[in-house]
Amino acid sequence: MERYAEAGAEQLGLGIKGVKSACAAIEREIAAGTTPGAVLGVLHEGREWFYTAGYANPKPAQGQPVPVSEETLYDCASLTKVVVTLPLILQLIDEGVLTLSTKVSDILPPFGTAGKEEITVGQLLTHTSGLQADMNLHSHGWDREQMWNAVLSAPLVTKPDTEVIYSDLGYLTLGCMIEKVLGMPLDQAVKGRVLDPLGMRHATLTPSPEQAGRYAATEYEDTIQDHLSGIVHDEKARALGGVCGHAGLFATAGDLLQYARMWLKQGAIPATASPEAEGGESRILSRAGAVAATRTHTGHIHGSNRGLGWVLKGDKMDASGDWMGPGCYGHTGFTGTSMWIDPELDLAVVLLTNRVYGGRSSSVAQLRAQVHNALTGAVAW
C-alpha cells in the first residue's frame, strides 16, 4: 500500500503523508469489518488516481470472492439525486422550460393536493418543500400506478421554507417531472444528456444482474437468498423498477470523477470526455446554473446550508471533514458512497464503499472525514 500511495501522491501532486493516511484509514475500516471493500478516486488539478482495497463481494453464492477493482460498479444510492436528477433539472431551467419557481402541480396536476398547490421546483431541490422524508412503497403489494399515486398525493408534514427535511419523495417527484417534460424515461434522458456527453461509460440506471461480478454487493436479501448485486438496494427504487430520481444509479469511481470534472469546470464538458469540448465550450450546464447550484439557498433556515441538490459546508449532513474550505460541496449515499468537491483546491474525492453488506448499522461517517482531512491536508498551499 505504501509504495502505491507514494506513486499516487506523486501523480496527483499531493503530499505523500496525506495520501498514505487516506489509504490507511480505508484499510483500517475494512479490517474492522465496517465495509468489505472500497474504491477511492481522487482528482487534483486535472490529474486523477484510484486506490482499491478489499472485496466487492467477499462471499458470492457461486464462485470465488470478487476483489474490488477500478471497474467495480457501486450502488450509488442518493448520489443519484445530484448526478442524475439535478443536472437534468438544471438543463431544463437553462433551456427555459422550467424555473426554480415553477409550481410542481403545473407539470404534475396530481401533486397539487393536500396543501401542495404552491410547492416549487426549487423547494424540492433544496429539500424545503415540507414533504416527509420517506414512504413505504414496497410492502403493500401495490402496482406501479398505486405507488406513484401514494408519492404524489403525500401530504406536507411541515410548512414549506421553514425546515430542511431531506426527502426522497421530493426527488422521486422531480424524476417524474423530468419524464413528463421530456417525454422519455429518466434513464434515457440522463444517458443522452449527461452520461454519454461526459464519457461516463459505465454509469447506468439499468444494471444487468446477470453480470453480478461487476457490482459491489450490498445487503443480504431474504427473497433471493443472497446479497443484492446489480439490483438497487433502495426498496422504493426497487419496487418502482430501479429508474428513479432519488436512487438507482450504478457507477464506477472513474465515472463519478468525470462528473466532478464537469462541476470543477462550472458546467463545461472536460477534454477527457471530448478533446474538442473545451475549445468550443461545449457544456452540460450553463456557468450560471452551476454557480447557482453550489451557493446556499437555505440561509434563512437555522442549521442548514443547502445548495440546489448539493450539501454545503456546515450543513447537518456535511461530510467534508474539517479541512475543506467554505466553498466545498458534495453528497453522500446510504449504501456508503460519497463525492466531495473543493473548487478552491481544485480537488474532488470520490469514496465508494458497500458498508451495508453486513447490515445497516455500520457507519463510514468517520472514514469520510478522515479521508477528506488527509487528502485536503496533502494539498500544497
Side-chain angles (χ1 to χ4, degrees), residues 35 56-57 72-86 88 124-125 127 131-144 146-152 154 165-179 185-187 190 203-209 212 214-224 226-252 255-256 309 311 317 319 330-339 351-365:
T35 179
N57 192 345
T72 300
L73 282 149
Y74 278 79
D75 182 336
C76 294
S78 282
L79 287 185
T80 306
K81 294 180 173 74
V82 291
V83 179
V84 174
T85 306
L86 174 63
L88 291 174
L124 294 187
L125 285 173
H127 300 280
L131 281 171
Q132 66 198 62
D134 202 358
M135 175 181 284
N136 182 338
L137 299 178
H138 64 280
S139 66
H140 304 291
W142 291 340
D143 61 25
R144 185 178 176 84
Q146 289 172 311
M147 287 187 278
W148 275 115
N149 284 340
V151 170
L152 297 178
I165 299 176
Y166 179 76
S167 176
D168 280 357
L169 299 192
Y171 275 74
L172 272 164
T173 302
L174 287 169
C176 189
M177 287 184 69
I178 291 165
E179 293 188 331
L186 190 65
D187 58 325
V190 77
T204 183
L205 285 168
T206 53
S208 302
R214 297 181 61 205
Y215 301 96
T218 56
E219 195 170 11
Y220 186 83
E221 175 60 46
D222 287 332
T223 58
I224 62 171
D226 198 1
H227 288 265
L228 297 170
S229 182
I231 301 171
V232 64
H233 178 263
D234 181 272
E235 291 95 343
K236 296 183 295 300
R238 206 183 320 157
L240 286 165
V243 180
C244 295
H246 75 294
L249 178 71
F250 287 77
T252 66
D255 290 325
L256 296 174
V311 180
M317 296 181 74
H331 211 282
T332 62
F334 184 81
T335 49
T337 59
S338 62
M339 171 169 47
L351 179 62
L352 303 181
T353 79
N354 46 341
R355 64 104 192 165
V356 294
Y357 182 86
R360 304 187 181 191
S361 61
S362 293
S363 172
V364 290

Atom pair CH2/CH2 of Trp148 and Trp142 - distance to nearest 0.5 Å: 13.0 Å
Show your reasoning for whether side-chain contact (heavy atoms from CB on, under 4.5 Å) applies to Leu131 and Ile165. CA-CA 7 Å; Leu131 281 171; Ile165 299 176; over 6 Å; no
Nearest 0.5 Å please: distance from the OG1 atom of Thr204 over to the CG atom of Leu73. 8.5 Å
Contact between Phe334 and Asp234 at the side-chain level, heavy atoms closer than 4.5 Å - yes or no? no
So do the side chains of Val243 and Thr206 get within less than 4.5 Å of each other, counting heavy atoms only? yes
If you round to the nearest 0.5 Å, how far is CZ of Arg355 from OG of Ser361? 8.0 Å
Do His246 and Ser78 have side-chain heavy atoms sitting under 4.5 Å apart? no
Checking side-chain contact (heavy atoms from CB on, under 4.5 Å) for the pair Glu221/Arg238: CA distance, chi angles, key distance, verdict? CA-CA 12 Å; Glu221 175 60 46; Arg238 206 183 320 157; 3.1 Å; yes
Carefully, step by step, assess Asp168 and Lys81 under the rule side-chain contact (heavy atoms from CB on, under 4.5 Å). CA-CA 9 Å; Asp168 280 357; Lys81 294 180 173 74; 2.7 Å; yes
What is the minimum heavy-atom distance between Leu137 and Ala150, and which atoms define it? CD2-CB, 4.2 Å
So, does Asn136 use its side chain to make a donor-acceptor pair with the main chain of Ser139 at under 3.5 Å? yes
Would you mind reporting whether Asn57 and Tyr357 have side-chain heavy atoms less than 4.5 Å apart? yes
So, for Thr335 and Cys76, which heavy atoms are closest and what is the spacing to 0.1 Å? OG1-C, 4.2 Å
If you round to the nearest 0.5 Å, how far is CZ of Arg214 from OG of Ser208? 7.0 Å
Taking every heavy atom of Leu249 against every heavy atom of Ala203, the minimum-distance pair comes out as CD1-CB, 4.2 Å
Sub-4.5 Å side-chain heavy-atom contact between Leu351 and Thr353: yes
Counting only N and O atoms by type, is there a donor-acceptor contact under 3.5 Å from the side chain of Tyr74 to the main-chain atoms of Thr252? no
With the side chain counted from C-beta on, respond yes when Lys236 and His138 share a heavy-atom pair under 4.5 Å apart, and no when they do not. no
On a heavy-atom basis, which atom in Ala56 and which in Thr72 lie closest, and how many Å separate them? CB-CG2, 3.9 Å
Report yes if some heavy atom in the side chain of Val151 is under 4.5 Å from a heavy atom in the side chain of Cys176; otherwise report no. no
For the side chain of Ser338 and the backbone of Thr332, is there at least one donor-acceptor N/O pair under 3.5 Å apart? no
Quick one: does Leu169's side chain get under 4.5 Å of Gln132's, heavy atoms only? yes
Exam field: side chain Thr35 to backbone Asn354, donor-acceptor pair closer than 3.5 Å: yes
From Thr337 atom OG1 to Leu79 atom CG, the distance as rounded to the nearest 0.5 Å: 3.5 Å
Taking all atoms of both residues into account, what is the closest heavy-atom pair of Ala217 and His227, and its distance? CB-CB, 4.0 Å
What one should report as the nearest heavy-atom pair of Ala154 and Met135 is CB-CE, 3.7 Å
Whether the Thr218 and Asp75 side chains hold a donor-acceptor pair (N or O, under 3.5 Å, no angle test) is what I'd like checked. no
Return yes if a side-chain donor-acceptor contact under 3.5 Å exists between His233 and Glu219, otherwise no. yes
CG-CE distance between Leu124 and Met177, expressed to the nearest 0.5 angstrom: 7.5 Å
Let me see the working for Leu228 and Tyr215 under side-chain contact (heavy atoms from CB on, under 4.5 Å), right down to the final yes or no. CA-CA 9 Å; Leu228 297 170; Tyr215 301 96; over 6 Å; no
